[in-house]
2 protein chains.
Amino acid sequence: MNDDKTTRTTVRNITDLARLAGVSAGTVSRALAGKSLVNAKTRERIEALAREHGFRPNQMASGLRRQKTSVVGVIIPLGHDVRQQISDSFFMTLLGHLADELTHEGYDLMLRRVVPDNDPDWLDRFIGSGMIDGVIVIGQSDQFDRIEDVADGYNPMVVWGNHTEGQRHCVVGTDNRLGGRLAAERLIAAGARRLAFLGDTTAIEFAARFAGAQDAARRLGIGPIMALPTHLSPERASAEIAAHLAAHAGAIDGIFAATDTLAALCLTELRGHGFAVPEAVKLVGFDDLPIARQTVPPLTTVRQDIAAGARALVDLLLRRLAGETTESLVLPPELVVRKTA
Amino acid sequence: MNDDKTTRTTVRNITDLARLAGVSAGTVSRALAGKSLVNAKTRERIEALAREHGFRPNQMASGLRRQKTSVVGVIIPLGHDVRQQISDSFFMTLLGHLADELTHEGYDLMLRRVVPDNDPDWLDRFIGSGMIDGVIVIGQSDQFDRIEDVADGYNPMVVWGNHTEGQRHCVVGTDNRLGGRLAAERLIAAGARRLAFLGDTTAIEFAARFAGAQDAARRLGIGPIMALPTHLSPERASAEIAAHLAAHAGAIDGIFAATDTLAALCLTELRGHGFAVPEAVKLVGFDDLPIARQTVPPLTTVRQDIAAGARALVDLLLRRLAGETTESLVLPPELVVRKTA
DNA sequence: GACTCATTTGCAAACGATTGCAAGATTCCG
DNA sequence: CGGAATCTTGCAATCGTTTGCAAATGAGTC
């Protein structure tokens with residue numbers, strides 16, 4: 001009387017279910033995994049019972065035994081600017097797309113944000129945890145070398161970031177240097193002659209954008225571009241931009257912002273300081289985030305295809321999980337001309 | 001000669017390391033877990049070896065044995081508006097804060113976005129996977145009832161969303177109704193009389209904001225507020241807002257947008273249609289996202305304290321993991337007056 | 001030296017699912 | 001009806017770590 005079948009019997013594991021179904025644990029496992037080796041009727045009976053009791057095989061145990069977790073790690077190193085987290089909607093958007101793509105491929109996503117300065121071991125620790133089948137690193141930050149080290153001994157890793165000649169880790173990213181060139185060319189074509197770059201060049205992606213802009217300036221016979229170091233978090237950035245503007249008032253007539261977020265803030269500050277955009281100062285951003293459409297005037301910017309980037313990251317990672325070794329992928333940036341330059 | 005100790009010996013598990021250290025697996029386990037039962041010298045030797053070989057205990061195995069994974073699930077149901085994902089920077093910001101808080105407490109974060117319509121079992125499936133110790137649900141979407149059902153049998157769950165009298169699941173969220181009231185009161189105080197609400201009232205949070213606004217209108221003797229259903233994704237929203245404006249041209253002089261994102265889009269459309277803000281039409285948003293500061297003119301809005309929300313979610317979840325049963329927490333919204341109303 | 005008591009250790013049984021192997025049950029064919 | 005071929009199923013080992021229990025060691029006391 002204590003095991004009336006209609007009573008809620010707690011089914012904690014495959015063995016409980018096996019007992020209920022009157023078969024062995026192995027059979028239940030095979031039935032639930034959808035293998036062909038099990039009789040159709042038996043399978044149905046087991047599936048019905050599983051449904052009825054809301055039973056799902058424990059993924060930890062399964063992962064342990066199969067040596068495969070079906071979880072992909074996504075890690076964001078916050079190296080050069082710890083507070084970027086809140087501001088950078090670019091990374092967050094990329095993350096959203098990654099979640100969609102991975103889900104679609106049957107993987108779960110384990111997210112970790114780390115401050116490499118506090119924890120030099122950040123990447124190995126994640127990989128060595130045994131919880132993930134592979135890892136996607138979002139942004140190289142200032143950790144290029146460490147990522148290179150890891151890449152030598154660990155195959156299923158793909159990185160979003162900048163591509164450098166001869167690097168050993170597989171990276172997906174926009175051609176930042178070309179993007180920087182496009183931005184500067186546009187500023188110059190719009191009439192700007194005294195250019196400045198707004199952003200923190202410690203981050204390798206930003207450095208590349210800056211370098212590209214300088215290439216263009218040099219080639220077109222324009223003087224060197226002034227670097228105006230600026231953090232990404234809105235709280236700090238606003239003040240820093242204001243300071244830059246105060247210091248270099250009339251000496252600038254074209255600004256290339258490392259990010260649309262920075263560009264938008266810069267636009268606000270420019271207005272506050274009484275500079276007309278684009279008449280007095282031209283401005284170009286980077287990313288083409290939704291905000292670029294909504295500023296006044298709307299922002300001329302360099303577009304990165306975030307969705308395509310996410311697709312590529314996942315695709316390459318899956319190939320690597322399957323044993324291939326894949327090449328890096330550099331995506332072309334695209335100049336979007338709106339009203340600020 | 002094939003096991004020269006200085007040669008890279010692959011240490012795959014605790015047993016390998018035990019062999020190297022000349023002790024048993026159990027001792028290694030205790031040493032690495034920092035238990036007091038192991039001799040100081042032995043521990044040091046083991047730790048040194050572990051470091052040298054970059055060994056870390058497998059979390060899957062550990063989780064299986066201890067019945068505790070140190071992973072918290074974060075799940076985003078995309079019920080009422082599947083494409084909200086890309087746009088809603090509110091959720092993404094919340095997610096960022098959650099990641100920080102959880103990391104700080106020694107938990108990892110497993111992220112999953114689901115479309116409940118395609119998978120009615122979304123929540124049980126996540127919980128039953130055995131991969132997570134507890135779950136944080138971001139947004140109730142249109143899944144209130146299902147969440148209630150689950151809450152009855154599963155304790156370690158906390159939800160971000162709207163609080164309803166007598167509900168059974170533990171929720172953290174802003175007092176949306178009060179927020180809506182504040183917004184409407186501000187619009188009316190600024191002189192608006194014919195109000196509209198911009199947003200999709202299928203989402204329970206938005207419905208509460210709408211209801212709060214209606215309370216205020218009624219109490220102040222203003223006519224009913226017109227509901228203008230609008231999706232959250234920028235692509236669809238822009239067109240929908242334009243259509244609303246075209247249809248109800250002069251019949252509106254005050255708009256309460258369910259979200260700052262919508263408010264910003266609305267501002268752009270209003271400008272496009274030649275309406276002066278705040279002179280012809282007053283506008284109030286919700287959230288106080290960074291963008292609210294940057295629109296032209298800057299947006300009057302109702303602030304939600306996202307960081308505090310994330311802290312509360314994690315705090316309550318940890319308490320529930322420890323066995324407590326916790327009450328819901330309703331956070332007070334705050335009106336931030338800028339220039340649009 | 002015999003005794004107790006506290007430290008350290010090893011042993012082996014879990015945790016829950018998967019899977020190679022072999023045995024049992026069926027079917028098929030002559 | 002015998003025997004081979006094909007399906008199904010059960011058994012038991014395995015994934016890597018943790019932990020209760022008991023044994024071994026060492027220290028301290030009279």
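Throughout, a chain's letter reflects where its sequence line sits, starting with A, and its residues are numbered from 1. Both backbone and side-chain heavy atoms feed into the values below; hydrogens, waters and symmetry mates do not.
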Notebook entry, point to check: Which one, C/dC15, C/dG16, D/dT9, comes nearest to the side chain of B/Arg65?
Noted result: C/dC15
Margin query: Nearest to the A/Ser29 side chain among D/dT19, D/dT17, C/dT18, which nucleotide is it?
Written below: C/dT18
Check: Which part of the nucleic acid, if any, lies within contact of A/Val28, taking any heavy atom under 4.0 Å across all strands shown: a base, the sugar-phosphate backbone alone, or nothing?
Finding: nothing
Item checked: Nearest-nucleotide comparison on DNA chain D, the residue closer to the 5′ end among B/Lys35 and A/Leu64 -> A/Leu64
Next item on the list: Would you mind telling me which residue lines up with the more 5' stretch of DNA chain C, B/Arg66 or B/Ala25, judged by nearest nucleotide?
Entry: B/Ala25
Checklist line | Qualifying residue, where the test is side-chain contact (heavy atoms from CB on, under 4.5 Å) with A/Cys170 and the options are A/Leu316, A/Leu313, A/Val159 | finding: A/Leu316
Margin query: Using a 4.0 Å heavy-atom cut-off, does B/Arg30 contact any base of the nucleic acid, only the sugar-phosphate backbone, or nothing at all?
Written below: base
Notebook entry, point to check: Could you give the distance from CG (A/Asn13) to CZ (A/Arg19), rounded to the nearest 0.5 Å?
Noted result: 7.5 Å
Next item on the list: Assign each of A/Ile14 and A/Leu37 to its nearest nucleotide of DNA chain C by heavy atoms, then name whichever residue's nucleotide is nearer the 5' end.
Entry: A/Ile14
Next item on the list: Compare the minimum distances between each of D/dT19, D/dT9, C/dT9 and the side chain of B/Thr42, then state the nucleotide with the smallest one.
Entry: C/dT9
Notebook entry, point to check: According to a strict under-4.0 Å criterion, is B/Gln67 in side-chain N/O contact with OP1 or OP2 of D/dT18?
Noted result: no
Note to self: Rounded at 0.5 Å granularity, tell me how far CG in B/Asp117 sits from OG in B/Ser141.
What the structure shows: 8.0 Å
Item checked: B/Val23 side-chain proximity, nearest of D/dT17, C/dG10, D/dT19 -> C/dG10
Next item on the list: Let me know the distance between CG of B/Asn58 and C1' of D/dT18, rounded to the nearest Å.
Entry: 13 Å
Item checked: Nucleotide nearest A/Thr27 (side chain, heavy atoms from C-beta), chosen from D/dG10, C/dT19, C/dA17 -> D/dG10
Check: Between A/Arg146 and A/Asp149, is the closest basic N to carboxylate O distance under 4.0 Å?
Finding: no
